[in-house]
Student: 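My questions all concern the structure below.
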Amino acid sequence: MGVRFRDRLTPEGQRFFWELAELKELEVRVGFQRGKSQEEDGTDMCDVAAFNELGTDHIPARPFIRQSVDDNESKINSFLKEEVKDFAQGKSAEQILKEIGIFQKDLMQDKITSGSFAPNAESTIKKKGSSKPLVDTGRMRQSVNYVIQKKGSGDD
């Protein structure tokens, strides 16, 4: 029986392949996790985000999630290229995914704050005292988060 390729690797090489296998099994999800945050009336923040992202009969679409990706494509690609280099130099799969989660979370929060969206209706302005869409109590912006999990887990 011959010697396998992986048996001949240095400890650093073995670690790299172990981290690569780990990365293959994990994913990072950025956005709103159901049941983690609610409005004062009990509405799940995941639903509030969806209502605003996609629009409803009474709320125009304010696609802050899509725009956080679409408006930052080159920035995201540059960031990911650097993460690949860091991974090749020994950074762990979990650390890479954490950094991706934080990076995209920041982009999404920035879009909530500074995005150009359909203005609030007069009735909404009177109710919350501001014409700024997506920003009222700050709860939705604060609820943006990320989770690292096994691929496919938590799919409903």
Student: Under a 3.5 Å cutoff, is there a donor and acceptor pairing between the side chains of Arg139 and Ser37?
Tutor: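 Checked: Arg139/Ser37 side chains show no N/O donor-acceptor pair below 3.5 Å.
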
Student: How about Phe87 and Glu19: do any of their side-chain heavy atoms sit closer than 4.5 Å?
Tutor: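 Result yes, sub-4.5 Å side-chain heavy-atom pair found.
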
Student: Without swapping roles, check the side chain of Arg62 against the backbone of Ile112 for a donor-acceptor pair under 3.5 Å.
Tutor: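 A pair under 3.5 Å: no.
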
Student: Quick one: closest heavy-atom pair of Thr56 and Phe51, and the distance?
Tutor: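 Of all heavy-atom pairs spanning Thr56 and Phe51, the closest is CG2-CB, 3.8 Å.
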
Student: Spell out, as yes or no, whether a donor-acceptor pair under 3.5 Å connects the side chain of Glu53 to the backbone of Arg66.
Tutor: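 Pair found, side chain donor or acceptor close to backbone of Arg66.
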
Student: Would Lys85 and Glu82 pass as an ion pair if we require N to O under 4.0 Å?
Tutor: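 Glu82 and Lys85: salt-bridged.
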
Student: Does any N or O in the side chain of Lys151 come within less than 3.5 Å of the main-chain N or O of Lys24, such that one atom is a donor and the other an acceptor?
Tutor: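 Here the side-chain-to-backbone pair exists.
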
Student: Tell me whether Ser78 contacts the main-chain N or O of Lys75 through its side chain, where contact means a donor paired with an acceptor under 3.5 Å.
Tutor: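 No.
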
Student: Would Asp44 and Lys36 pass as an ion pair if we require N to O under 4.0 Å?
Tutor: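 Judged by the 4.0 Å cut-off on N to carboxylate O distance, Asp44 and Lys36 do not form a salt bridge.
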
Student: Has Glu22 got more than 12 heavy atoms of other residues, nucleotides or ligands less than 6.0 Å from its CD?
Tutor: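 For Glu22, atom CD is crowded (more than 12 foreign heavy atoms under 6.0 Å).
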
Student: Nearest heavy-atom pair of Phe32 and Val144: which atoms, and what distance?
Tutor: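 Closest approach of Phe32 to Val144: CZ-CG2, 3.5 Å.
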
Student: Tell me the closest heavy-atom pair linking Gln67 and Phe117, and the distance in Å.
Tutor: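 Minimum heavy-atom contact is OE1-CE2, 3.4 Å.
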
Student: Which heavy-atom pair separates Val28 from Gly101 by the least distance, and what is that distance?
Tutor: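 The pair with the smallest heavy-atom distance is CG2-CA, 3.9 Å.
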
Student: Any side-chain to backbone donor/acceptor pair from Arg141 onto Thr113? Under 3.5 Å, distance only.
Tutor: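 Absent.
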
Student: Report yes or no: does Glu39 contribute a side-chain atom to a donor-acceptor pair with the main-chain N or O of Thr43 at less than 3.5 Å?
Tutor: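 Judged by distance alone, no pair lies under 3.5 Å.
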
Student: CG/Leu97 to CD/Glu83 distance, rounded to the nearest 0.5 angstrom?
Tutor: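 The CD atom of Glu83 is 9.0 Å from CG of Leu97, to the nearest 0.5 Å.
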
